[in-house]
Amino acid sequence: MSSQNPLEKKLDRYYEDIMSKIMEILQTQKDLLGEEKDLKKDVAKLKEHVLEIKTNIQAIEAKLSSKSSGISGGSPQPHPPLGASTVSAATLSSVASSNQAQQSGAHLPASSKSLKDFLAQEFAIFDVKVLNAFIKSTKEVIKTNTKNDPTFLKPVIEAGMALPIVIAGKMPLSRDKGKGAMAFSMALEAAQAITKAVFMMPEDGKVTDADIKDVTSEICNQICGKSKLTLKNEGYSFEIGLPEIHQGNPTELLAKLGHPKVALHFEYLKKPFFVFFWG
């Protein structure tokens with residue numbers, strides 16, 4: 001049997017060293033991939049904790065504000081949730097009052113109640129905190145899906161609303177105080193613009209009725225889900241159903257839906273859309 005010469009032995013050692021290094025690199029890569037997956041899981045958990053902490057802070061601030069108002073002798077006002085999209089009871093009421101003349105056919109009930117009183121006496125399952133949560137969630141959901149900030153204009157209360165909507169996703173809601181519903185509703189130009197943005201279409205792109213229905217249903221689901229989570233630690237326990245999509249001209253559609261008790265008026269690129277409530 002012939003023995004290896006020195007050169008062959010040297011080549012064998014090089015080969016073994018190279019294979020060893022390759023195995024080390026593969027193991028390192030495998031370890032890094034495992035660490036990346038673990039990090040992604042940790043980030044997801046941290047995001048959940050941050051959302052819970054934020055909700056808890058809102059609850060604490062609301063309680064502190066209520067106690068502070070009680071000590072000063074004034075009537076306590078609900079503290080608005082954090083974020084630029086929120087409004088207090090006083091703000092909602094004053095905005096509704098100051099903007100009535102601008103909304104064709106929209107006005108307060110004959111008794112001229114404040115929005116807070118109207119909600120407390122006639123609108124069992126929704127109050128100002130609930131509306132604030134839906135305002136905030138609506139703005140966040142639209143921005144997330146379209147990359148554009150919508151604008152909240154005002155709440156419109158009851159009686160003879162002139163609302164130029166052509167599509168609505170209506171969702172049943174219920175809590176311990178009773179049953180009601182909300183609807184995400186859009187004018188035609190808003191429906192087309194939002195749908196194009198969601199599907200990342202060019203400005204001159206064409207959307208179908210099916211596209212608009214899908215977007216309406218998905219956004220309605222997201223608004224309700226996000227609002228439910230926001231209100232969870234505020235003592236609100238909502239049960240939500242599945243959205244029903246309705247289409248038609250404004251008169252037919254409102255007749256089919258039933259006139260809402262409250263409409264939150266928004267604009268997307270100056271095109272109107274609404275969140276309705278029945279209770």
Side-chain angles (χ1 to χ4, degrees), residues 54-55 58 62 77-108 114-116 118-119 123 126-158 161-165 167-171 173 181-191 193-195 197-198 215-216 218-231 234 236 260-279:
K54 183 178 178 181
T55 306
Q58 293 171 1
Q77 296 290 334
H79 193 282
L82 296 173
S85 65
T86 59
V87 288
S88 67
T91 305
L92 280 168
S93 181
S94 63
V95 170
S97 300
S98 64
N99 288 289
Q100 293 167 48
Q102 299 175 18
Q103 179 72 19
S104 173
H107 54 81
L108 287 170
S114 70
L115 178 62
K116 182 181 176 183
F118 175 70
L119 294 174
F123 208 38
F126 302 109
D127 58 26
V128 172
K129 279 187 180 180
V130 173
L131 297 189
N132 278 333
F134 273 90
I135 292 168
K136 183 173 184 291
S137 296
T138 300
K139 293 188 71 175
E140 290 176 355
V141 167
I142 295 296
K143 183 177 181 180
T144 298
N145 282 279
T146 67
K147 312 305 179 189
N148 288 307
D149 281 303
T151 302
F152 171 62
L153 298 181
K154 60 184 177 180
V156 184
I157 303 175
E158 272 272 22
M161 300 179 191
L163 302 167
I165 59 169
I167 188 165
K170 189 173 184 180
M171 175 89 79
L173 303 173
M182 64 78 66
F184 171 67
S185 312
M186 297 181 285
L188 178 60
E189 58 269 31
I194 289 173
T195 301
V198 170
V215 168
T216 302
E218 182 59 28
I219 288 179
C220 181
N221 265 320
Q222 290 182 28
I223 290 171
C224 284
K226 197 172 189 68
S227 300
K228 180 180 178 180
L229 180 60
T230 299
L231 291 162
E234 292 281 348
Y236 296 84
K261 291 281 189 177
V262 172
L264 302 178
H265 185 185
F266 297 83
E267 282 188 348
Y268 175 80
L269 302 179
K270 297 186 178 181
K271 300 170 177 64
F273 69 94
F274 303 85
V275 176
F276 296 157
F277 295 95
W278 296 264

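Heavy atoms only: backbone and side chains are in, while hydrogens, waters and symmetry mates are out. Nothing fancy with the numbering, it's 1 onward along the sequence.
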Visitor: Measure the shortest side-chain to side-chain distance between V262 and V156 over non-hydrogen atoms and say whether it is less than 4.5 angstrom.
Guide: no

Visitor: How many angstroms lie between atom CG of D149 and atom CD1 of I142, to the nearest 0.5 angstrom?
Guide: 11.0 Å

Visitor: Are C224 and L173 packed together at the side-chain level, in the sense that at least one heavy-atom pair is separated by less than 4.5 angstrom?
Guide: yes

Visitor: Looking at every non-hydrogen atom in both residues, tell me the closest pair between T230 and E234 and how far apart they are.
Guide: O-CG, 4.2 Å

Visitor: Say you draw a straight line from CG of L264 to CE of M182; how long is it, rounded to the nearest 0.5 Å?
Guide: 9.0 Å

Visitor: Mind running side-chain contact (heavy atoms from CB on, under 4.5 Å) on M171 and N221 for me, showing each step along the way?
Guide: CA-CA 8 Å; M171 175 89 79; N221 265 320; 3.3 Å; yes

Visitor: Going by the rule ring pair (Phe, Tyr, Trp, His ring centres under 6.0 Å), which residues pair with F266 if we only count those two or more places apart in sequence or in a different chain?
Guide: F152, F273

Visitor: Please test N145 against V215 for side-chain contact (heavy atoms from CB on, under 4.5 Å), starting from the C-alpha separation and ending with a verdict.
Guide: CA-CA 10 Å; N145 282 279; V215 168; over 6 Å; no

Visitor: K170 versus C220: any side-chain heavy-atom pair under 4.5 Å?
Guide: no

Visitor: Rounded to the nearest 0.5 Å, what separation is found between the CZ atom of F277 and the CG atom of L131?
Guide: 5.0 Å

Visitor: State the CD1-OG1 distance between I167 and T195, to the nearest 0.5 angstrom.
Guide: 7.5 Å

Visitor: For T216, give me all partners under side chain to side chain donor-acceptor pair (under 3.5 Å), at least two apart in sequence or on another chain.
Guide: none

Visitor: Working to the nearest 0.5 angstrom, can you tell me the gap between E267 CD and L269 CG?
Guide: 9.5 Å

Visitor: I need the F274 CZ to L153 CG distance, nearest 0.5 Å.
Guide: 8.5 Å

Visitor: Looking at K271 and E189, what are the two nearest heavy atoms and their distance?
Guide: CD-O, 3.3 Å

Visitor: Give the minimum heavy-atom separation between A133 and S227, together with the two atoms involved.
Guide: O-OG, 3.7 Å

Visitor: Can you find a heavy atom in the side chain of L163 that is under 4.5 Å from one in the side chain of H265?
Guide: no

Visitor: For the residue pair L231 and K129, what are the closest heavy atoms and their distance?
Guide: CD2-O, 3.9 Å

Visitor: Only counting residues at least two apart or in another chain, list the ones meeting side chain to side chain donor-acceptor pair (under 3.5 Å) with E218.
Guide: Q222

